[in-house]
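Only a predicted model underlies this, so the values are computations on that prediction, with no experimental measurement involved. In what follows, chains carry the letters A, B, and so on, assigned in the order in which the sequence lines appear, proteins first and then strands, with residues in each chain numbered from 1.
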There are 2 protein chains.
Amino acid sequence: MTGRQPTLDEVAERAGVSRGTVSRVLNNRQHVSAKARRAVEQAIDDLGYVPSVAARSLASARRGAVVLAISSDDPALFANQFFAQVIAGVNTVMEDTDLHLMLILAATERGRERLERVLQSRGADGVMLLALRENDPLVKVAEAGKVPVVYGGQPLERAPRFYVDADNRGGARSAVEYLISTGREHIATITGPQDQQVGVARYLGYREALALAGLDARRVAHGDFSQESGARAMTELLDRHGDLDAVFVASDAMAAGALEALSAAGRTVPDDVAVVGFNDIVTAQHTTPTLTTVRQPIEALGREMTRMLLRAINEDTPTPLILPTELVLRDSA
Amino acid sequence: MTGRQPTLDEVAERAGVSRGTVSRVLNNRQHVSAKARRAVEQAIDDLGYVPSVAARSLASARRGAVVLAISSDDPALFANQFFAQVIAGVNTVMEDTDLHLMLILAATERGRERLERVLQSRGADGVMLLALRENDPLVKVAEAGKVPVVYGGQPLERAPRFYVDADNRGGARSAVEYLISTGREHIATITGPQDQQVGVARYLGYREALALAGLDARRVAHGDFSQESGARAMTELLDRHGDLDAVFVASDAMAAGALEALSAAGRTVPDDVAVVGFNDIVTAQHTTPTLTTVRQPIEALGREMTRMLLRAINEDTPTPLILPTELVLRDSA
DNA sequence: GTGAAAGCGCTAACAC
DNA sequence: GTGTTAGCGCTTTCAC
């Protein structure tokens, strides 16, 4: 349309005020008379002025963007709805700000280098980290930058300053307690990776519930959160513990795999074996039978991570947040 | 660690050359002696220098980022693996560049405004658009910016200058031709939304195949790509066309829903009714029975969109690209 | 092949 | 409450 973007100077001239005043209006500071403010707003409208992000961030040392770094780029894992829901939550909060979202899939060495460069070049005002593994190099990279870091879930090593997590241990525990309350006594579990805090926490919840009830907590097989690994682990459990009458599975995807394996083994769910999953992904409503599961507020996780990061950026000091989970009863238990 | 980021000036001083020379090295231009180049690289290493993105983009009028705008923020849809796979593809190509990825979920008015602002403020060097609907306002917004726009899929209205698309019509046609070749004669379809080009194209392919075979193409129900809508549409089809012996479903998610509905109606798959889906998402391997489907190269779509955008940004003139699809035979047909 | 100078468009600090 | 002055850290001309 117009040949060139108008600059702040042109707005100032047209409004008949100084550059300083225009800048004040743009960043809605005080110390501007209503009259001047109106004149500036008018001029902005007339000219269709939009401030240059580049100039602004050079002058203000703020970048106008935060990065969400995900320690996975395996589409099969990345695709598991979880990330998409987190992103949707992040987006919701971001929409109310001037900040933008940069996405970095940082599973590879290359991705990590990129994150490093962004942070070193002050390319972002903050970082959110998701899906970390044990000793994830991402942690060092992120902490080496000079911007706040918010964790989704906790690294296994030590609790960071800022994080949002679901109550994984409590959720797992209540799932197993529910199984116990329905009279199950030989309760197995399929865990997530034990090099991720979330995997460990859910396993802990399982053991806690059984310990409290004085039941045996040694029917255990490990998976990696994928459907395939769930099927494999279930088969393994059936081999080793033919007597099991229930299984708590640390993710819905694995639970779906477990259902397949149970069906293949000729066990009916929930009559022979009760199954409880974790996450309440959309798929949980479409398995056969539908899946009883522990819902964690995934979108809320994204929202709260973002809120926390924004507060940290503004030099507020947010405190870690644990989001509650909820048992959703369907047909599998 | 260090108090402050080193600047280009400091690198120049340490290397004993001018700022101009350092800049030339950084942007690996010619006209730099091997000696000077080495000195500069050494200094960069010693100082741990990383150029400031902000300063660079202010001076060069290049932003160092491209945006991927998705016309959907419904997590249920956004989560449907498709987007995640595209993003993974985009990421792959992006890793080889200095560009970064900004993600904007732009289904809401608010999101659209944000995209508009980014583009107007020259906040990005290019845009990729995904999942457009009929008369999607995103198109106007994106085209109004002064940066190249690459479409994933085509808008319904008119073919844009730059786009990457899967061969939806051809894929649908080959799916239906396969059904015909296995002796099916009463072939229905569950379409996607007819206000999206992809929905229309797949429906066209269905009709084309049947027309060529001289078969009736009027067993049609419409869905919105969601699993629920697939189940609903299947029920509808069974009501209206009790004689159907096959159904081509325009997405795997809908096909999963259709399988549920068929099972609920007591029809066996594939004996009573053969089912073919579209996309080959991970879930297709885990339905009962497993799903015969048309695979489209989703990650490749992301990769090629990105490559095309990069070329367009560099003032090359790429031509539209149609990616081939492939029929994947499993148990449902 | 290299150096010097002039901005890019904004914010911030200080004076009034 | 408002105007003025310096930069922010690069790239880019244009001489040499």
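Going from atom CD of A/E13 over to atom P of D/dT2 covers 18 Å, rounded to whole Å. The CG atom of A/D9 sits 12 Å away from the C1' atom of C/dT11 (whole-angstrom rounding). Between A/D98 atom CG and C/dC10 atom P the separation is 14 Å, expressed in whole Å. Between B/L8 atom CG and C/dA6 atom C1' there is a gap of 16 Å when expressed in whole angstrom units. Here D/dC10 presents its C1' atom at 13 Å from CD1 of B/I44, a figure rounded to the nearest Å. Rounded to whole Å, atom P of C/dG9 lies 11 Å from atom CZ of B/R122. Separating the CZ atom of B/R19 from the C1' atom of D/dT13 is a distance of 13 Å, rounded to the nearest angstrom. Straight-line distance from the CZ atom of B/R24 to the P atom of C/dA4: 11 Å, rounded to whole Å.
At a threshold of 4.0 angstrom between heavy atoms, the contacts of B/S52 are confined to the sugar-phosphate backbone, with no base atom among them.
By the 4.0 Å N-to-carboxylate-O rule, A/E304 lies close enough to A/R307 to be salt-bridged with it. With respect to the salt-bridge test (charged N to carboxylate O, under 4.0 angstrom), the residues A/R112 and A/E109 qualify.
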Result block: side-chain N/O donor-acceptor pairs under 3.5 angstrom for residues 23-30 of chain B, not counting sequence neighbours:
residue : atom : partner : partner atom : Å
B/N27   : ND2  : B/S23   : O            : 2.8

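Comparing the end axes of the helix from C/dG1-D/dC16 to C/dC16-D/dG1, each fitted to five base pairs by superposing C1' atoms of four pairs onto the next four, gives an inter-axis angle of 30° (nearest 10 degrees).
At D/dT11, one or more side-chain N or O atoms of B/S23 fall inside 4.0 Å of OP1 or OP2 (strictly under the cut-off). Using a 4.0 Å cut-off, some side-chain N or O of A/S18 falls inside it from OP1 or OP2 of D/dG3. When the side-chain nitrogen and oxygen atoms of A/T21 are compared with OP1 and OP2 of D/dG1, none of them lie within a distance under 4.0 Å.
Looking at every heavy atom in both residues, A/M305 comes nearest to A/Y151 through CE-C, 4.0 Å. The two residues B/A12 and B/R19 come nearest to each other via the heavy atoms CB-N, 3.9 Å.
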Stepwise side-chain contact (heavy atoms from CB on, under 4.5 Å) check, A/Y163 with A/V149 = CA-CA 8 Å; A/Y163 68 86; A/V149 183; over 6 Å; no
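Sorted by first and then second residue, the pairs that involve residues 39-64 of chain A and meet side chain to side chain donor-acceptor pair (under 3.5 Å), not counting sequence neighbours, are A/R14-A/D46. Sorted by first and then second residue, the pairs that involve residues 117-126 of chain A and meet side chain to side chain donor-acceptor pair (under 3.5 Å), not counting sequence neighbours, are A/R117-B/D98.
In this structure B/E116 satisfies the salt bridge (Lys or Arg N to Asp or Glu O under 4.0 Å) test with no other residue, sequence neighbours excluded.
In this structure, A/L58 and A/R62 both approach DNA chain C, and ranking their closest nucleotides by distance from the 5' end singles out A/L58.
If you check residues 26-38 of chain B against DNA chain C, the residues with a heavy atom closer than 4.0 Å are B/H31, B/V32, B/S33, B/A36, listed by number.
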